[in-house]
Amino acid sequence: MSDILKQLADVLEDRKQADPDSSYVARLYDKGLDAILKKIGEEATETVMAAKDGEKDKVVYEVADLWFHTLVLLSQQGLHPDDVLAELQRRFGLSGIEEKASRSKS
């Protein structure tokens with residue numbers, strides 16, 4: 001599963017050097033953090049609406065858009081999908097209640 005994430009991360013990193021007129025992702029980077037965050041918000045809303053409508057194919061499509069734009073954010077912030085996967089691994093086996101409590105203590 002992480003192979004596609006690595007491939008996307010590599011492409012997104014390359015797009016930092018691309019001309020904003022030739023690349024959607026380069027254009028997002030050029031517009032800055034607020035534009036990237038706006039896209040994430042839009043895609044999250046579209047994901048919620050698709051789920052509420054019970055359209056499984058559309059849910060998959062919208063989650064793919066949401067994940068993609070989240071990957072753009074990670075790259076823009078100098079992070080990699082492996083950072084998120086490592087955090088998920090760290091949490092694996094903890095109950096959500098325990099994990100949330102551990103964050104509030106620090």
Could you go step by step and tell me if Val25 and Phe68 meet the side chain to side chain contact (heavy atoms under 4.5 Å, CB included) rule?
CA-CA 10 Å; Val25 172; Phe68 177 81; 3.5 Å; yes
Tell me whether Leu73 shares a hydrophobic cluster with Leu85, the cluster being built from Ile, Leu, Val, Met, Phe, Trp, Tyr side chains joined at under 4.5 Å.
yes
Linking I/L/V/M/F/W/Y whenever their side-chain heavy atoms sit closer than 4.5 Å, directly or via other members, would Leu5 and Phe92 fall into one cluster?
no
Is a side-chain donor-acceptor pair under 3.5 Å present for Ser23 with Tyr29?
no
Which heavy atom of His69 sits nearest to which heavy atom of Leu28, and what is that distance?
CD2-CD1, 3.8 Å
Would you say Leu12 and Leu33 are hydrophobically clustered, going by side-chain heavy atoms of ILVMFWY under 4.5 Å?
yes
According to a hydrophobic-cluster definition based on side-chain heavy atoms being under 4.5 Å apart (Ile, Leu, Val, Met, Phe, Trp, Tyr only), do Val11 and Val84 belong together?
no
Using only atom types and a distance under 3.5 Å, with no angle test, would you say the side chain of Asp83 pairs donor to acceptor with the backbone of His80?
yes
Got a sec, which residues hit salt bridge (Lys or Arg N to Asp or Glu O under 4.0 Å) with Glu42, two or more places apart in sequence or on another chain?
Lys39
Please check if atom OH in Tyr24 has more than 12 non-hydrogen atoms from other residues, nucleotides or ligands closer than 6.0 Å.
yes
Grouping I, L, V, M, F, W and Y whenever their side-chain heavy atoms are under 4.5 Å apart, do Leu37 and Val48 come out in a common cluster?
no
Asp82 CG to Gln89 CD distance, which is reported to the nearest 0.5 Å
12.0 Å
Is the side chain of Arg27 donor-acceptor paired with the backbone N or O of Pro20 at a distance under 3.5 Å, no angle test?
yes
Closest non-hydrogen atom pair, Pro81 against Ala9:
CD-CB, 3.6 Å
So CG of Leu8 and CG of Asp3: to nearest 0.5 Å the spacing works out to 11.0 Å
Assess whether a salt bridge exists between Asp34 and Lys38, defined as any Lys/Arg side-chain N lying under 4.0 Å from an Asp/Glu carboxylate O.
no
Distance (rounded to the nearest 0.5 Å) between Tyr61 OH and Glu55 CD
13.0 Å
Under 6.0 Å from the CG atom of Asp53, do we count more than 12 heavy atoms belonging to anything else shown?
yes
Are any side-chain N or O atoms of Lys16 and backbone N or O atoms of Ser75, one a donor and one an acceptor, separated by less than 3.5 Å?
yes
Taking all non-hydrogen atoms of both residues, which atom of Ile36 and which atom of Gln76 are closest, and how far apart?
CD1-CG, 3.6 Å
Ile40 and Leu66: which non-hydrogen atoms are nearest, and at how many Å?
O-CD1, 3.7 Å
Should we count NZ of Lys31 as having more than 12 external heavy atoms under 6.0 Å?
no
